[in-house]
Asker: 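Sharing a structure, written as C-alpha cells. Questions coming.
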Amino acid sequence: FMDIDMPVMNGFDATKALREWENSSRPGARQPICALTAAYVDDFELSELMKFKEAGLDVMESKPCNIPRLFKVVDDVSPMFSDLSISVTQHHE
C-alpha cells in the first residue's frame, strides 16, 4: 500500500521510482501497489485517475478504509498470497 500524501516524497513519485527500480533490477517482476488517499476516489475526474495509472499504481482506495475491503484488494492483486492464506487456514482446522 502506498500513501499518496507523504511529507518528503509523494506517493506518485515514490511509485514511479519503485517502478524504475523494478524495471532495471527485476525485469518482468512487478509488485502490485495500492494507492491510499484521503480523497474520495469515486469523485475523481478521468484526468486524475490517469495520474494514478501513469505513476504505476494498480488500485486506488480512499481513507479511511475498512479491513474487509483491504483484504479484498490483497486478494485481487495477489492471488498467490490469497491461496496461501486459504491453505494455512484449512490446514489448522
Side-chain angles (χ1 to χ4, degrees):
F1 292 93
M2 176 69 68
D3 194 347
I4 295 302
D5 297 316
M6 298 185 291
V8 176
M9 179 185 287
N10 68 42
F12 296 110
D13 293 337
T15 300
K16 287 177 187 176
L18 284 169
R19 295 297 184 216
E20 289 171 9
W21 175 82
E22 282 178 332
N23 291 336
S24 66
S25 300
R26 303 175 1 177
R30 189 172 193 277
Q31 178 69 38
I33 301 175
C34 175
L36 291 178
T37 178
Y40 188 60
V41 174
D42 291 344
D43 289 342
F44 285 166
E45 299 291 328
L46 182 59
S47 61
E48 293 172 301
L49 294 173
M50 291 307 295
K51 186 176 178 183
F52 283 85
K53 182 177 178 166
E54 289 165 1
L57 293 157
D58 300 297
V59 180
M60 295 157 287
E61 287 297 321
S62 299
K63 296 185 287 185
C65 47
N66 63 53
I67 298 300
R69 176 66 190 149
L70 291 181
F71 279 119
K72 171 84 169 87
V73 168
V74 171
D75 282 345
D76 289 348
V77 299
S78 303
M80 177 184 72
F81 295 119
S82 174
D83 293 344
L84 178 62
S85 65
I86 290 169
S87 66
V88 168
T89 302
Q90 291 174 347
H91 180 68
H92 288 295
E93 291 179 354

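Start at 1 with the first residue, then count along the sequence.
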Asker: Could you give the distance from OG (Ser62) to CZ (Arg69), rounded to the nearest 0.5 Å?
Answerer: 10.0 Å
Asker: Does the side chain of Val73 reach to within under 4.5 Å of the side chain of Glu61, using non-hydrogen atoms?
Answerer: yes
Asker: Would a single hydrophobic cluster contain both Met50 and Leu57, if residues Ile, Leu, Val, Met, Phe, Trp and Tyr are joined by side-chain heavy-atom contacts under 4.5 Å?
Answerer: no
Asker: By the salt bridge (Lys or Arg N to Asp or Glu O under 4.0 Å) test, which pairs, at least two apart or in different chains, include something from residues 6-20?
Answerer: Arg19-Glu22, Arg19-Asp58
Asker: Please indicate whether Met6 has more than 12 foreign heavy atoms, meaning atoms of other residues, nucleotides or ligands, lying under 6.0 Å from its CE.
Answerer: yes
Asker: To the nearest 0.5 Å, what is the distance between CG (Leu46) and NZ (Lys53)?
Answerer: 10.0 Å
Asker: Would you check if Val59 and Asp76 make a side-chain contact, meaning some heavy-atom pair closer than 4.5 Å?
Answerer: no
Asker: Closest heavy-atom contact between Thr15 and Gly11?
Answerer: OG1-O, 2.8 Å
Asker: Mind checking whether Ile4 and Met60 have side chains closer than 4.5 Å, heavy atoms only?
Answerer: no
Asker: Who pairs with Lys63 by salt bridge (charged side-chain N to carboxylate O under 4.0 Å, His left out), at least two apart in sequence or on another chain?
Answerer: Asp3
Asker: Quick one: does Val74's side chain get under 4.5 Å of Phe1's, heavy atoms only?
Answerer: yes
Asker: Sequence neighbours left out, what passes side chain to side chain contact (heavy atoms under 4.5 Å, CB included) with Phe71? Give chain and number order.
Answerer: Ile67
Asker: Under a 4.5 Å side-chain heavy-atom rule over Ile, Leu, Val, Met, Phe, Trp and Tyr, are Met2 and Met9 clustered together?
Answerer: no
